[in-house]
Amino acid sequence: MANNLMSVTAPPPVYGYAELQLAKESLKDSIIAAVDMENIDHTGRRIQDPLDKLSEVGIATLDMRNLPGSFEEMSFAEIARFIEARHYITDNWSWVTPKTCPAYWHINTGKPHVADPYHCRYATSRRTPTGKSAMEQIINFVAIRSNASHLAQSKRRHAMVMFWDAHLERTTFNATENKNFDKPDTTFLDLQKWDLIRRRYKDQPSCSTLLHSLGIEVPNLHNACNDAVAEVLAFIRILKFTEEEYNAWTGKQNLPTIRTNIQDTKAYRANRKMEKQMEERQEARRRNRNKNKGKNNGKNNGNGPVPG
């Protein structure tokens, strides 16, 4: 990948409902995926390698061939249940939560730490040693599915991988050596730049703004996995538009809420438990540092500068 830089484009333009149907037809044998990343770039440490800054990666996929019925006949909520999700937190930054992040940005400005690494709602979060290993997991997750053995002549499936404001993702993918994502089998698209979305908003909306307009509820955005699931849900919802919904939404009307009931409550509880454990460890380390600092200050009374 480092020698074959990834190109990210906007999805093909859609100027009317008939063209949206053609776009849907072209994806009937595809794997629809979204990848989202969070990184630590505000702590004051100068880290150049994008993989070293990577704190979490999430991926959500929908394999159109795995649906038990036709995309046309199944409801949006029924299709949503076939989304697969994975979430990886790198060991380097696993200790950073909204409570433990030491960045001056929070202390000096009062701005909260936005990312919620342990608030994944759709999968049990998995620890992985480094940003590089996290990217390997994500890339292979799609590659294995696009190389499914049941396909005739072992022909690779087309995978459409979406991002939302792709700068971070493009930079990180380009720093990754794994070659399993190669054209023409994989298309990389920035969903935020889709003309269908930009015509409605006249600019680049936030993902939460788009979800609200589509009647989709995804809690705890700024978790890499939750964001990836949100992007796939948004894309599927648009593909599932009736002509009446298409006209209403492009006419800037918000659509009624549709509940999907795909959150994994057991996984979410496990993830929050990991967060609590991590914060307790950080608090214990902080107390030990302060205790040792106090001992050093006590030993130093009248005896010159503190060692170290």
Side-chain angles (χ1 to χ4, degrees), residues 1-2 4-14 23-24 26-39 50-51 54 56-67 71 79-80 82-88 122-123 131-148 151 155-197 204 207 210 218 221 223-239:
M1 186 79 71
N4 183 20
L5 297 183
M6 184 178 77
S7 175
V8 181
T9 61
V14 171
K24 179 167 56 178
S26 70
L27 294 169
K28 66 180 182 180
D29 291 328
S30 298
I31 297 168
I32 297 172
V35 174
D36 191 82
M37 304 175 189
E38 301 289 342
N39 69 6
L51 295 174
L54 195 62
E56 51 171 315
V57 187
I59 186 168
T61 64
L62 175 68
D63 190 332
M64 298 288 269
R65 284 194 174 184
N66 282 346
L67 297 177
F71 188 86
I79 293 169
F82 290 87
I83 294 174
E84 293 184 86
R86 293 289 186 276
H87 184 233
Y88 296 94
Y122 302 96
K132 180 180 178 181
S133 63
M135 291 302 299
E136 293 283 342
Q137 299 276 4
I138 292 296
I139 291 172
N140 289 333
F141 186 73
V142 173
I144 289 170
R145 283 151 183 78
S146 64
N147 276 314
L151 292 174
K155 182 180 178 181
R156 281 188 59 159
R157 300 271 298 287
H158 170 249
M160 188 194 78
V161 181
M162 298 179 292
F163 310 112
W164 186 266
D165 189 9
H167 175 72
L168 170 61
E169 286 78 13
R170 182 176 60 246
T171 301
T172 307
F173 268 108
N174 285 337
T176 305
E177 296 294 334
N178 191 307
K179 303 296 183 183
N180 274 328
F181 270 2
D182 288 326
K183 288 188 175 181
D185 306 298
T186 307
T187 305
F188 299 98
L189 302 175
D190 190 336
L191 188 60
Q192 192 184 50
K193 294 183 177 180
W194 198 5
D195 75 306
L196 188 63
I197 294 172
Q204 297 185 12
C207 189
L210 176 64
V218 175
L221 293 178
N223 171 281
C225 184
N226 296 349
D227 288 4
V229 171
E231 292 162 35
V232 173
L233 286 172
F235 188 73
I236 296 169
R237 182 68 185 96
I238 291 173
L239 290 184

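Computed over heavy atoms, backbone and side chain alike; hydrogens, waters and symmetry mates excluded. The first residue in the sequence is number 1, and the count goes up from there.
In this structure P12 satisfies the side chain to side chain contact (heavy atoms under 4.5 Å, CB included) test with no other residue, sequence neighbours excluded. In this structure D165 satisfies the side chain to side chain donor-acceptor pair (under 3.5 Å) test with no other residue, sequence neighbours excluded. E84 meets the side chain to side chain donor-acceptor pair (under 3.5 Å) test with R145; sequence neighbours excluded. Remark: A230 pairs with C207, L211, V218, L221 by the side chain to side chain contact (heavy atoms under 4.5 Å, CB included) rule, at least two apart or across chains. The side chain to side chain contact (heavy atoms under 4.5 Å, CB included) check on A60 picks up I83, A228, V229, V232, with sequence neighbours excluded.
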Q.
Between L189 and T9, is the side chain to side chain contact (heavy atoms under 4.5 Å, CB included) condition met? List the steps.
A. CA-CA 5 Å; L189 302 175; T9 61; 3.4 Å; yes
Q.
Would D29 and M64 count as a side chain to side chain contact (heavy atoms under 4.5 Å, CB included) here? Give the steps.
A. CA-CA 6 Å; D29 291 328; M64 298 288 269; over 6 Å; no
Q | Audit row: L27, L239, side chain to side chain contact (heavy atoms under 4.5 Å, CB included) steps and yes/no | A | CA-CA 10 Å; L27 294 169; L239 290 184; 4.2 Å; yes
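The distance between the ring centers of F163 and F173 falls below 6.0 angstrom.
Distance check, rounded to the nearest 0.5 Å: CG of L196 to CD1 of I238 gives 5.5 Å. To the nearest 0.5 angstrom, N140 atom CG is 10.5 Å from M135 atom CE. For the atom pair D190 CG and R170 CZ, the distance stands at 8.0 Å (nearest 0.5 Å). Remark: D63 CG to I32 CD1 distance equals 9.5 Å, nearest 0.5 Å. With rounding to the nearest 0.5 Å, the separation of NZ in K28 from CZ in F71 is 13.5 Å. Expressed to the nearest 0.5 Å, how far CZ of R86 lies from OG1 of T61 amounts to 8.0 Å.
Among residues at least two apart or in separate chains, side chain to side chain donor-acceptor pair (under 3.5 Å) pairs with a member in residues 227-239 are R237-E245.
Contact between G58 and I138 at its shortest, heavy atoms only, is C-CD1, 4.3 Å. Contact between V142 and A33 at its shortest, heavy atoms only, is CG2-CB, 4.4 Å. The heavy-atom pair separating V35 from E169 by the smallest distance is O-CG, 4.0 Å. Annotation for P11 and W194: closest pair CB-CD1, 3.5 Å, computed over non-hydrogen atoms. Of all heavy-atom pairs between N223 and E38, the closest is N-OE2, 4.4 Å. Between S30 and H158, the shortest heavy-atom contact is OG-ND1, 3.0 Å.
Heavy-atom contacts from other residues, nucleotides or ligands closer than 6.0 Å to NZ of K193 number 12 or fewer.
Side chain of E56 to backbone of A224: a donor-acceptor contact under 3.5 angstrom is found.
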